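This report refers to the structure that appears directly beneath it.
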Amino acid sequence: MASEREVRVRLRRAGQEHLLRFWAELAPGPRAALLAELAPLEPEALREHCRRAAAACALPPGPSPDLAARLRPLPPERVGSVGRSDPETRRCWEEEGFRQIALNKVAVLLLAGGQGTRLGVAYPKGMYRVGLPSGKTLYQLQAERIRRVEQLAGERRGTRCTVPWYIMTSEFTLGPTAEFFKEHDFFHLDPANVVMFEQRMLPAVTFDGKAILERKDKVAMAPDGNGGLYCALADHQILEDMERRGVEFVHVYCVDNILVRLADPAFIGFCVLRGADCGAKVVEKAYPEEPVGVVCQVDGVPQVVEYSEISPETARLRASDGGLLYNAGNICNHFFTRGFLQMVTRKCEPLLKPHVAVKKVPYVDEEGNLVKPLKPNGIKMEKFVFDVFQFAKNFVAFEVLREEEFSPLKNADPASRDSPCTARQALLAQHYRWALQAGARFLDTHGAWLPQPPSPPLHGDPPAICEISPLVSYSGEGLEVYLQGQQFQSPLILDEDQAKPCTEDEAGETSWPGLFPWCCCSRVQCLC
Ligand code: UTP
């Protein structure tokens, strides 16, 4: 381990010697911890990091003046659309996706290194329960979707197959995530097929370019953004692991989208049939000012342009069909070939420009007091996972229906959007629609019929509570056998063991606070 003297010399070269200003007061344990944290920081890289952070932050925010002239929507031939394609085309995409999954060529990769500051819980977001009747966490829903898609692909091709699950974590999320998976027996996945790895951390920096001490013996570090993926893949030889398993196609996604379709066969199949090396799922923007990045072209090169970079006039432009010209909202659901990821990690990663996030970063002041700032005081530099689109040789976008595939959890209740409440509603509304489509009918507590298609709800609480386990249905398929022609009273919980009649003790015993008791005998004509 480097000595204090060596570290001090290196910090001086980086202009960051203040990080040792409480050295004399520290006991041996904290001294060792601080040295261990500082020793890996290369002086030149640290100096450059701090300089870039301060310089980037000094630039005026807002739309880039010359962007409008350089911006174009993606050409239509690069875009596939679930909503605008015929059933036969969708079936072909799906079949191809299932074929690749059955050949063990598809992996999923979860970006789970974020700190989830807006949600504000002290544990990784994937462990969050949005309040579903089943009490499932985001991680559990995702694990069950993997199991189901493996099963569907296997059944179609008469084989057993595996979709390995790669999980990028950070210093904040690795320990609790690993522990949580162990506690839950990896949700019945084979632990050998769940690979967790850690992304790098970077110091948070003041507006004048000084790394921040969050304690006398600890630098304020933050994960290097979800675009830290590319360094992390190289650091932990993840692409080599994929190669050993024969994985050729990777579906990368964010932890917080409760509706995410892991290894979505339609998306995978579309990208593979188009020969794409890189692809992005998109949803139609809900309104011009919606704060989502737009997948488009700048100077002919595919990119995600942040909403803050686009002027309101450009955001409001209409296409000839009346829709928004820039309507491809990025939902952080990406397709990459392993070859593309290899090329990016070997050659292109250093070309990715970090983005500036201005945050409130707790720090120790000159006197050594801990300060929790009320206003943003620090800069975190993050790379973004989608910034590699520019390197694609054959980039495609795949437009999906928002109500079926996108409802992110970003904010704490009672926020009006992207909250636990909206995520729960989105999932339950989807399951209610699936149940109706499969031929179920629901009664309210007074025995009256509840709304039927063609107008099942897209937003807000559905008329009846219906939760369907991903182990029973991945995207609405196969439900007729349980639901066709049957009547149910809310709430209906359709789980893997639904077919089993419940015991008298179980019936009505479990309840979801504020709602009805539930069990499989919520069927009006109960089998029990
Ligand atoms: P967000 O940008 O929403 O960040 O991440 P966040 O950390 O979840 O939440 P806030 O902004 O602090 O409230 C989008 C996705 O990228 C992952 C997150 O875990 C989430 O899946 N991510 C983000 C990383 O994997 N690493 C990072 O350094 C940042």
Side-chain angles (χ1 to χ4, degrees), residues 49 53 108-128 130 137-139 141-142 165-178 180 195-204 220-233 235-236 238 250-262 280-281 290-293 304 306-308 329-334 336 349 352 354-362 376 378-388 405-413 415 417-420 422-423:
H49 167 72
V108 289
L109 194 153
L110 165 60
L111 303 167
Q115 290 173 280
T117 43
R118 283 168 288 174
L119 184 62
V121 290
Y123 51 84
K125 232 190 236 184
M127 289 163 53
Y128 195 83
V130 299
T137 59
L138 294 176
Y139 282 149
L141 292 170
Q142 292 170 24
W165 193 5
Y166 294 92
I167 305 181
M168 183 174 83
T169 58
S170 64
E171 190 179 293
F172 299 107
T173 58
L174 178 59
T177 298
F180 192 71
V195 181
M196 295 186 196
F197 60 103
E198 207 176 326
Q199 67 180 107
R200 296 183 189 177
M201 305 284 283
L202 288 171
M221 302 286 275
D224 58 354
N226 56 24
L229 171 67
Y230 306 105
C231 278
L233 288 175
D235 290 348
H236 303 281
I238 298 299
V250 187
H251 175 208
V252 173
Y253 69 99
C254 285
V255 71
D256 49 28
N257 177 9
I258 196 166
L259 301 182
V260 64
R261 288 192 184 171
L262 291 97
K281 259 191 193 182
E290 189 185 13
V292 290
V304 175
E306 286 296 299
Y307 63 92
S308 53
N330 177 40
I331 59 169
C332 196
N333 245 278
H334 308 314
F336 299 120
E349 196 287 329
L352 297 178
H355 300 248
V356 170
V358 177
K359 305 256 175 167
K360 292 179 215 160
V361 183
I379 307 161
K380 292 182 180 176
M381 297 288 271
E382 297 187 337
K383 290 188 172 177
F384 290 166
V385 67
F386 53 69
D387 276 346
V388 298
E405 302 209 28
F406 185 54
S407 178
L409 172 62
K410 300 284 184 194
N411 308 308
D413 281 328
R417 52 174 292 159
D418 303 343
S419 67
T422 59

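It should be emphasised that the depicted structure is a prediction, and the values quoted were computed from it without experimental measurement. Whatever order the structure lists them in is the order used to number ligands and atoms, beginning at 1.
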**Request:** Select one of side chain, backbone, both or neither to describe which atoms of Gln115 lie under 4.0 Å from any atom of ligand 1, heavy atoms only.
**Result:** backbone
**Prompt:** Which residue holds the protein heavy atom closest to atom 19 (O) of ligand 1, what is that atom called, and what is the gap in Å?
**Reply:** Gly114 N, 3.0 Å
**Prompt:** Between Tyr128 and Tyr123, how do the two ring planes meet: parallel, tilted or perpendicular, split at 30° and 60°?
**Reply:** parallel
**Fill in**
the protein heavy atom lying closest to atom 9 (O) of ligand 1 turns out to be Gly116 CA, 3.4 Å
**Request:** Kindly say whether Asp413 contributes a backbone atom to a donor-acceptor pair with the side chain of Ser419 at under 3.5 angstrom?
**Result:** no
**Request:** If you have a sec, work out which protein heavy atom is nearest atom 12 (O) of ligand 1 and how many Å separate them, to one decimal?
**Result:** Thr117 OG1, 2.6 Å
**Prompt:** So, Gln115 versus Lys380: side-chain donor-acceptor pair below 3.5 Å or not?
**Reply:** yes
**Asked** Can you check whether Leu119 has an N/O within less than 3.5 Å of an N/O in ligand 1?
**Response** no
**For Phe172 against Met221, the heavy-atom pair lying closest together** = CZ-O, 3.7 Å
**Message:** For Leu352 and Phe384: C-alpha separation, side-chain torsions, deciding distance, then whether side chain to side chain contact (heavy atoms under 4.5 Å, CB included) applies.
**Reply:** CA-CA 8 Å; Leu352 297 178; Phe384 290 166; over 6 Å; no
**Complete:** Per-atom filter on ligand 1: closer than 4.0 angstrom to a heavy atom of Gln199 are 24 (C), 25 (O), 26 (N), 27 (C), 28 (O)
**Request:** Look only at the side chain of Asp235 and the backbone of Gln199, and say whether a donor-acceptor pair between them is shorter than 3.5 Å.
**Result:** no
**Message:** Would the distance check show the side chain of Thr173 and the main-chain N or O of Thr169 forming a donor-acceptor pair, the cut-off being under 3.5 Å?
**Reply:** no
**Request:** Could you tell me if any non-hydrogen atom of Gly228 lies under 4.0 Å from any atom of ligand 1?
**Result:** no
**Prompt:** Of the protein's non-hydrogen atoms, which lies at the shortest distance from atom 3 (O) of ligand 1, and what is that distance?
**Reply:** Lys410 NZ, 2.6 Å
**Message:** Could you walk me through whether Phe180 and Thr137 satisfy the side chain to side chain contact (heavy atoms under 4.5 Å, CB included) test, starting with their C-alpha distance in whole Å, then the side-chain angles of each, then the deciding distance to 0.1 Å, before giving a yes or no?
**Reply:** CA-CA 11 Å; Phe180 192 71; Thr137 59; 3.7 Å; yes
**Asked** For ligand 1, does Ala112 get within less than 4.0 Å through its side chain, its backbone, both, or neither, judged by non-hydrogen atoms?
**Response** backbone
**Prompt:** So, do Leu110 and Tyr253 sit near enough that their side-chain heavy atoms are less than 4.5 Å apart?
**Reply:** yes
**Asked** Relative to the heavy atoms of Pro223, which atoms of ligand 1 are at a distance of less than 4.0 Å?
**Response** 28 (O)
**Message:** For Glu382, state whether at least one heavy atom is located under 4.0 Å from any atom of ligand 1.
**Reply:** no
**Message:** Salt bridge or not between Asp224 and Arg200? Use side-chain N to carboxylate O under 4.0 Å.
**Reply:** no
**Request:** Could you find the nearest protein heavy atom to atom 8 (O) of ligand 1 and give me its residue, atom name and distance?
**Result:** Lys125 NZ, 3.3 Å
**Asked** Among Val252, Asn226, Val385, which one has a heavy atom closest to atom 16 (O) of ligand 1?
**Response** Asn226
**Asked** When the ring planes of Phe336 and Tyr230 are compared, do they come out parallel, tilted or perpendicular, using 30° and 60° as the limits?
**Response** perpendicular
**Item:** Protein heavy atom at shortest distance from atom 20 (C) of ligand 1
**Value:** Leu111 O, 3.7 Å
**Prompt:** atom 14 (C) of ligand 1: which of Gly113, Gly225, Cys254 has the nearest heavy atom?
**Reply:** Cys254
**Prompt:** Which residue supplies the protein heavy atom nearest to atom 2 (O) of ligand 1, what is that atom called, and how far is it?
**Reply:** Arg118 NH2, 4.1 Å
**Prompt:** Going by the atom numbers of ligand 1, which of them fall below 4.0 Å from some non-hydrogen atom of Met168?
**Reply:** 25 (O)
